[in-house]
Amino acid sequence: MKRRERTRQLIELGGLIAKAGLVEMTDDDRAVILGLLDEAAAKLRNTDRDQQLLLWRRRGRHAFDAAD
């Protein structure tokens, strides 16, 4: 991936973390945010991945729609 594309992707992913309210709810504690993301990744490895992705996708789409 080109450097500019990678930078844009990282900025967008950071925006999603902010949009979810994680920055404020964790007092911008990066270790807590990484722990949350690590737990989500573990859940995808250890549970019914497709079902979990479907649930999170629905919640994410709902959050996007509510923000509009």
Side-chain angles (χ1 to χ4, degrees):
M1 183 178 289
K2 295 178 187 174
R3 185 175 180 184
R4 185 174 293 208
E5 292 170 355
R6 175 77 173 141
T7 299
R8 181 175 176 88
Q9 180 188 37
L10 292 173
I11 290 168
E12 289 173 350
L13 291 171
L16 292 174
I17 289 170
K19 188 177 196 87
L22 293 176
V23 177
E24 292 81 14
M25 286 189 280
T26 63
D27 293 324
D28 199 13
D29 187 328
R30 312 286 169 92
V32 171
I33 293 170
L34 181 57
L36 288 164
L37 296 170
D38 189 52
E39 187 169 329
K43 195 164 194 170
L44 288 176
R45 285 189 292 272
N46 296 324
T47 61
D48 186 3
R49 184 178 189 274
D50 292 334
Q51 276 299 110
Q52 192 63 55
L53 287 172
L54 180 64
L55 172 67
W56 287 342
R57 187 173 292 113
R58 286 179 182 160
R59 288 182 181 170
R61 287 183 180 153
H62 179 73
F64 276 126
D65 291 343
D68 290 338

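On a predicted model such as this, the values are computed, not experimentally measured, just so you know.
Hydrophobic clustering keeps Leu37 apart from Trp56 (ILVMFWY residues linked when any side-chain heavy atoms are closer than 4.5 Å, directly or through intermediates). With hydrophobic clusters built from ILVMFWY side chains whose heavy atoms lie under 4.5 angstrom apart, Leu54 does not share a cluster with Leu44. Leu16 and Val23 are assigned to two separate hydrophobic clusters, defined by single-linkage of ILVMFWY side chains at heavy-atom distances under 4.5 Å. Connection of Leu36 to Leu13 is not established within any shared hydrophobic cluster, with ILVMFWY side chains joined at heavy-atom distances below 4.5 Å, either directly or through further cluster members.
With sequence neighbours excluded, the residues that form a side chain to side chain contact (heavy atoms under 4.5 Å, CB included) with Arg61 are Arg57. Qualifying side chain to side chain contact (heavy atoms under 4.5 Å, CB included) partners for Arg8, counting only residues two or more places apart in sequence or in other chains: Glu12.
Rounded to the nearest 0.5 angstrom, Leu22 CG and Ile33 CD1 are separated by 6.0 Å.
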*side chain to side chain donor-acceptor pair (under 3.5 Å) between Gln9 and Arg6: does it pass, once the steps are laid out?*
CA-CA 5 Å; Gln9 180 188 37; Arg6 175 77 173 141; 3.1 Å; yes

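Applying the side-chain hydrogen bond (donor to acceptor under 3.5 Å, both in side chains) rule to pairs touching residues 28-44 yields Asp28-Arg30, sequence neighbours excluded.
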